[in-house]
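Note sheet for the following structure.
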Amino acid sequence: EADIYQTPRYLVIGTGKKITLECSQTMGHDKMYWYQQDPGMELHLIHYSYGVNSTEKGDLSSESTVSRIRTEHFPLTLESARPSHTSQYLCASSVLAGGITGELFFGEGSRLTVL
Amino acid sequence: AQTVTQSQPEMSVQEAETVTLSCTYDTSESDYYLFWYKQPPSRQMILVIRQEAYKQQNATENRFSVNFQKAAKSFSLKISDSQLGDAAMYFCAYWRGVGNQFYFGTGTSLTVIP
């Protein structure tokens, strides 16, 4: 299995709370991603990073923010959670720009429910 | 943005039989990569198989093979001798290469019947 870890796996919180979803990888990959996954929908890229101190927004508008202070760590934060944020969030990593293989390595996901 | 279409939300197959999952995509590019990813329930999504568009030969990985039809923009996955462990969501994905995003389909949920 890939060495990429997400916590928490499941989270139920009330509206207005601040939450941080953690993602760590031990493969030394430069590029990291956050995807949003909803049933019956394609995965949507919400944030990505090319390396330390590099973060970019993806094609899906998101009220979340990310940081990349260390290569192995790419947390996602919601300052004030709303029911519309209820979803599964997948973290992934790859060698820079996908490398020659293009393989993404995924975490197990964080399922967020906002009441 | 690129589009990847998986028209089969759900499929089922008897154990030991063969099943084919469909995927079509839209692109004006000639060089790109196509992937099938597998997501078992509550587990990590993993790469099943990869196809480079410049290669005419269809990729094969053990019981998994693809039928890549570049002109038709079709990329189907064939699973032979299906096993219970093959039950999962399968996502087709398109990638233009270095510096570009991945685009995923909506997935096909595969059930394997004992």
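Annotation: the span from A:Met41 atom CE to B:Thr106 atom OG1 amounts to 9.0 Å, rounded to 0.5 Å. Distance check, rounded to the nearest 0.5 Å: CD of A:Glu103 to CZ of B:Phe102 gives 9.0 Å. Atom CD of residue A:Gln88 and atom OG of residue B:Ser42 lie 8.0 Å apart, to the nearest 0.5 angstrom.
Within a 6.0 Å sphere centred on CG of A:Leu115, other residues, nucleotides and ligands contribute more than 12 heavy atoms. Within 6.0 Å of atom NZ in A:Lys57, more than 12 heavy atoms from other residues, nucleotides or ligands are found, so the atom counts as buried in its surroundings. Heavy atoms of other residues, nucleotides or ligands lying less than 6.0 angstrom from NZ of B:Lys73 number more than 12.
Across all non-hydrogen atoms, the minimal contact from B:Gln39 to A:Leu90 is NE2-CD1, 4.0 Å. Heavy atoms only, all atoms of each residue included: B:Phe91 and A:Gln37 are closest at CZ-NE2, 3.2 Å.
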Practice problem: Dump the intermediate steps for side chain to side chain contact (heavy atoms under 4.5 Å, CB included) on B:Trp95 and A:Leu104, then the final yes or no. | Solution: CA-CA 11 Å; B:Trp95 182 54; A:Leu104 293 174; over 6 Å; no

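Using a 4.5 Å cut-off between heavy atoms, A:Arg111 makes no contact with chain B at all. Residue contact with chain A, scored on non-hydrogen atoms closer than 4.5 Å, is absent for B:Ser109. With a 4.5 Å cut-off on non-hydrogen atoms, A:Leu43 touches chain B through its backbone and its side chain both.
Proximity of a side-chain donor or acceptor of B:Gln44 to a complementary backbone N or O of A:Ile4 within less than 3.5 Å is detected.
Under a hydrophobic clustering in which Ile, Leu, Val, Met, Phe, Trp and Tyr are joined whenever their side-chain heavy atoms come within less than 4.5 Å, directly or via other members, A:Tyr35 and B:Ile46 fall into different clusters. Clustering ILVMFWY residues whenever any of their side-chain heavy atoms sit less than 4.5 angstrom apart, transitively, puts B:Leu21 in the very cluster that holds B:Val13. Note: the hydrophobic cluster containing B:Leu84 also contains B:Phe64 (ILVMFWY, side chain heavy atoms under 4.5 Å, direct or indirect links).
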